[in-house]
Amino acid sequence: MTIKFKYGLSAALIGATIAIVQTQNALAQTAEQVNKIAEKITVLIEGQNQGSGIIIAREGSTYYVLTAKHVTTGGGESKIVAPDRTSYQVDSNNIIQLPGVDLAIVPFVSSNNYEIAQLGDSKTVTVGEQVYVSGWPKPGETITRQIRQMTAGQISARERVNDGYELIYTNPTRQGMSGGPILDLRGRVIGIHGRTEGSTEDQVVKAWVNLGIPINTFVELAPKAYAEQGKEKLKRQNYQGAIADFSQGMRFNQNSADVFNGLAYANFAQKNYRAALENAIKAIQNNPQLAEAHRVRGASNAQLGNHKEAIADFDRAIQINSSFADAYGLRGVSRAQIKDYIGANADIAQAIRLDPNSPVGYNRRSEVRLIVGDSEGANEDAQKAASLSGASANEDGFQMALNSGLGISLPRNQVARVKPQQPAPTVPQTRPAPNNSLEAKQPTPTPAPTPEPRIQPAPQAVRQAASPGAESAIQALIRGQQTFRTRNGAFTGTVSLLQRSFNIQLPMSKFNFAIHTTTRGAYHYAIPLNPSQKAYVGAVFLTETATNNNPVTVSIVCETDEASNIRPPDPLYVQGKPICRPGTSPVDMSNIQSGNPESLTNNPTVSEKEW
């Protein structure tokens, strides 16, 4: 559906859907001719505050009237009386109030054909220029019925004051003419009449010094107003209504970053990721500093499997807004997809730290845990997010649209119920999700070959003991990994799974922990948050003689020679021995060989997890 809209400005500003009136054809008119134009575009607005308005656009059977905002306030029912004196009821829910200025857009529906106002360029209006004001003044003692009037005057000054008013002119006006058009000699609307000496019309007869808002102010702000309304509809999951609002805003300014950004989120919510990506790109082209546009472009790239591009988008969003919690969370998800688990860990922690009372960070951590195969931890985080879902009332429409596109807009419907924990016969090995999407599916457990009782958590009093150091924590993870490999026939890349299975407590407040696995080895990292501390890496290798029935492993723990919060180089397995890389040195407990290691029953469990 195409909107009909007349404009005397450049076609680039409005787009091909708008009927442009060529400047050379817009010749000066006589006062009588201007009055005939004004008669066809000026409407009466009846309600608590009577006023006037201008028919400025049409889309199908819907017409859009521009008026002064104060005409639309006061509550109660209101009507539009068209130039042919036909009345139309106004739905107050559809009135658009422009931010920061005394302007509003009032739609009405009619199958009749009405003239659309031609808009001029208010920037070219100069002091001394003759102008006309059209409107419907209230009846008085002498004129006892309502008659539309047009008065002549001239621009006496230009000075920006409150609520967008800038044009000052000498035309005689009366109460009821607020919201009517200010027209130039060619019959083009160059402003909206509304005040006298900075106050609203509160007298029947007004002084001959009046104020109006330039029409260019409307053109600049209309897209923002429609974008805000569309954003509210996104929050209510009214995606088609939101798209209609964003599209309407684009009719007034086809280069609006706000409306392209809104369209990106609306398309993302409906899982139209490629369309969302295209809209986000256009939003960024028009406003490179719009952090929300970089976020939705990153999320769209991630959904399309372009995780490196997505990470670059989230990097830019964070550069613009260093407190953008969900940009960190989404970057963490994409980093997990490319197996940068340390980076993912740090990003998820930062997302939760920035907004601890929002479900968003926990939803992102749930996604990461699904990616690394920790379905139980993913469910725990999803439940935590669900418990915080009351906070989603404070989330804006963009955040909710993003969550909807990721399948988590309704957390309670997305959380799998976790049964009370029972002693398990095995420690399940999990497979990673089969695709690169953030909508990773829950991994499928692989049966363990040798049933053994699962270690139960230590008593609460023990759990509250002081955290061990990073060195002993890495040693504990290595012992757990050796046992896990013996039981399950494969290494695990999930720290929290080793924690729960072997009751390991980690100093999470001081170190980030992560695991990287191959078919022949597993590498365990402890990276300090404080760069003045040393980092650790511990490795477990299958020996040359290892078989599935006898998975003999050897291990080593290496410490960086200097303080560092960068991941240390991985140890090597050379000629049957594990060795540390240059820049790191072995610590005690190295080269422990295990064919059937014992469970780590002396390490207490921990409630804090690395993901």
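The figures here come from the full heavy-atom set of this structure, side chains too, leaving out hydrogens, waters and symmetry mates.
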Is any side-chain heavy atom of Leu330 less than 4.5 Å from a side-chain heavy atom of Leu406?
yes
Output all residues satisfying side-chain contact (heavy atoms from CB on, under 4.5 Å) with Ala276, sequence neighbours left out; order by chain, then residue number.
Asn267, Phe268, Ser300
Not counting sequence neighbours, which residues clear ring-ring contact (aromatic ring centres under 6.0 Å, His included) with Phe324? List them please.
none
Kindly determine whether Val43 and Tyr114 satisfy side-chain contact (heavy atoms from CB on, under 4.5 Å), including the steps that lead there.
CA-CA 11 Å; Val43 303; Tyr114 296 113; over 6 Å; no
Please list all pairs meeting side chain to side chain donor-acceptor pair (under 3.5 Å) that have one or both residues in residues 321-332, counting only residues at least two apart or in different chains.
Arg295-Asp326, Asp315-Arg331, Asp326-Arg364, Asp326-Gln399, Arg331-Asp347
For the pair Ser61 (side chain) and Ser111 (backbone), establish whether a donor and an acceptor sit closer than 3.5 Å, ignoring hydrogens and angles.
no
Run the salt-bridge test on Asp340 and Arg567 with the 4.0 Å N-O cut-off and return the result as yes or no.
no
Within the side chain of Ser501, is there an N or O that forms a donor-acceptor pair under 3.5 Å with the backbone of Leu497?
yes
With side-chain contact (heavy atoms from CB on, under 4.5 Å) as the test, would you mind laying out the steps for Ser404 and Tyr239 before giving the verdict?
CA-CA 11 Å; Ser404 179; Tyr239 303 127; 2.9 Å; yes
Just checking, any donor-acceptor pair under 3.5 angstrom between side chains of Tyr88 and Asn112?
yes
So, do Val540 and Arg485 sit near enough that their side-chain heavy atoms are less than 4.5 Å apart?
no
Taking the inter-plane angle between the rings of Phe398 and Tyr265 on a 0 to 90° scale, is it parallel (under 30°), tilted (30 to 60°) or perpendicular (over 60°)?
parallel
Going through the distances and angles, do Gln118 and Val189 end up as a side-chain contact (heavy atoms from CB on, under 4.5 Å)?
CA-CA 6 Å; Gln118 178 192 347; Val189 177; over 6 Å; no
Validation: residues 522-529 side-chain donor-acceptor distances under 3.5 Å, sequence neighbours left out:
unit_1: His524; atom_1: ND1; unit_2: Gly538; atom_2: O; d: 2.9
unit_1: His524; atom_1: NE2; unit_2: Gln481; atom_2: NE2; d: 3.0
unit_1: Tyr525; atom_1: OH; unit_2: Asp570; atom_2: OD1; d: 2.6
unit_1: Tyr525; atom_1: OH; unit_2: Asp570; atom_2: OD2; d: 3.4

State, to 0.1 Å, how close Ala266 and Ile243 come at their nearest heavy-atom pair, and which atoms those are.
CB-CG1, 3.6 Å
Minimal non-hydrogen separation, Leu477 against Val495, with atom names
CD2-CG1, 4.4 Å
Between the side chains of Tyr226 and Ser247, does any donor sit under 3.5 Å from an acceptor?
no
Around Ile281, counting heavy atoms of other residues, nucleotides and ligands shown, do more than 12 lie under 6.0 Å from its CD1?
yes
Under the salt bridge (Lys or Arg N to Asp or Glu O under 4.0 Å) rule, what do Lys69 and Asp102 come out as? Steps first, then yes or no, please.
CA-CA 5 Å; Lys69 185 189 299 182; Asp102 188 18; over 6 Å; no
Does any part of the side chain of Thr72, heavy atoms only, come nearer than 4.5 Å to the side chain of Val106, both counted from C-beta?
yes
Please check if the number of heavy atoms outside Glu77 that lie under 6.0 Å from its CD is greater than 12.
no
Could you walk me through whether Asn216 and Asp121 pass side-chain hydrogen bond (donor to acceptor under 3.5 Å, both in side chains), step by step?
CA-CA 7 Å; Asn216 290 36; Asp121 184 357; 2.9 Å; yes
Against Ser334, only a single residue in His307, Glu367, Lys308, Glu309 fulfils side-chain hydrogen bond (donor to acceptor under 3.5 Å, both in side chains); can you say which?
His307
When you compare the side chain of Phe218 with that of Val101, does any pair of heavy atoms fall below 4.5 Å?
no
Atom pair CD1/CD of Ile96 and Glu228 - distance to nearest 0.5 Å
10.5 Å
Check ion pair Lys224-Asp258 (N to O, under 4.0 angstrom):
yes
Identify the two heavy atoms, one from Ala327 and one from Ile318, that lie closest to each other, and give their separation to 0.1 Å.
CB-CG1, 3.7 Å
I'd like to check Val90 versus Ile45 (side-chain heavy atoms, cut-off strictly below 4.5 Å). Are they in contact?
no
Could you pull out the closest heavy-atom pair between Thr492 and Ile515, with the gap in Å?
O-CG2, 3.5 Å
I'd like to know whether NZ of Lys231 has more than 12 heavy-atom contacts from other residues, nucleotides or ligands below 6.0 angstrom.
yes
side-chain hydrogen bond (donor to acceptor under 3.5 Å, both in side chains) evaluation trace for Asn301 with Asp313
CA-CA 9 Å; Asn301 267 320; Asp313 288 326; 2.9 Å; yes
Do Ile192 and Leu103 have side chains that approach each other closer than 4.5 Å (heavy atoms only, starting at C-beta)?
yes
The ring-ring contact (aromatic ring centres under 6.0 Å, His included) partners of Phe260 (sequence neighbours excluded) come to none
Could you check whether the rings of Tyr63 and Phe108 sit parallel, tilted or perpendicular, using 30° and 60° as the cut-offs?
parallel
Does the side chain of Gln240 pick up a donor-acceptor pair with the side chain of Gln270 at under 3.5 Å?
yes
Shortest non-hydrogen separation from Gly241 to Asn238 and the atoms involved:
N-OD1, 3.1 Å
Once rounded to the nearest 0.5 Å, what's the spacing between atom CD of Gln383 and atom OG of Ser366?
10.0 Å
How about Asn261 and Arg297: do any of their side-chain heavy atoms sit closer than 4.5 Å?
no
Is there a donor in the side chain of Asn565 and an acceptor in the side chain of Asn530, or the other way round, less than 3.5 Å apart?
no
Flag side-chain contact, heavy atom, 4.5 Å: Tyr64 against Thr62
yes
Applying side-chain contact (heavy atoms from CB on, under 4.5 Å), run through Met250 and Leu263 and close with a yes or a no.
CA-CA 10 Å; Met250 192 180 299; Leu263 285 169; 3.3 Å; yes
Enter the distance from Gln229:CD to Leu234:CG here, rounded to the nearest 0.5 Å.
11.5 Å
Please give me the minimum heavy-atom distance between Asn253 and Pro223, naming the atom from each residue.
CB-CG, 3.5 Å
Quick check: does any side chain N or O of His294 sit under 3.5 Å from a backbone N or O of Gln319, one acting as donor and the other as acceptor?
no
To the nearest 0.5 angstrom, please state how far the OG1 atom of Thr67 sits from the CD1 atom of Ile55.
12.0 Å
Please round to the nearest 0.5 Å and tell me the distance separating atom CD1 of Ile348 and atom CG of Asn363.
10.0 Å
Holding to side-chain contact (heavy atoms from CB on, under 4.5 Å), I want the full list of residues that pass it with Lys510, two or more places apart in sequence or in another chain.
none
Test item: side-chain donor near acceptor, Arg58 and Asn113, under 3.5 Å
yes
Going by atom types only, do Tyr362 and Glu380 share a side-chain donor-acceptor pair under 3.5 Å?
no
Will you find, in the side chains of Ser496 and Asp374, an N or O donor that is under 3.5 Å from an N or O acceptor?
yes
So, taking the atom named CG in Asn279 and the one named CD1 in Ile284, what distance separates them when rounded to the nearest 0.5 Å?
11.0 Å
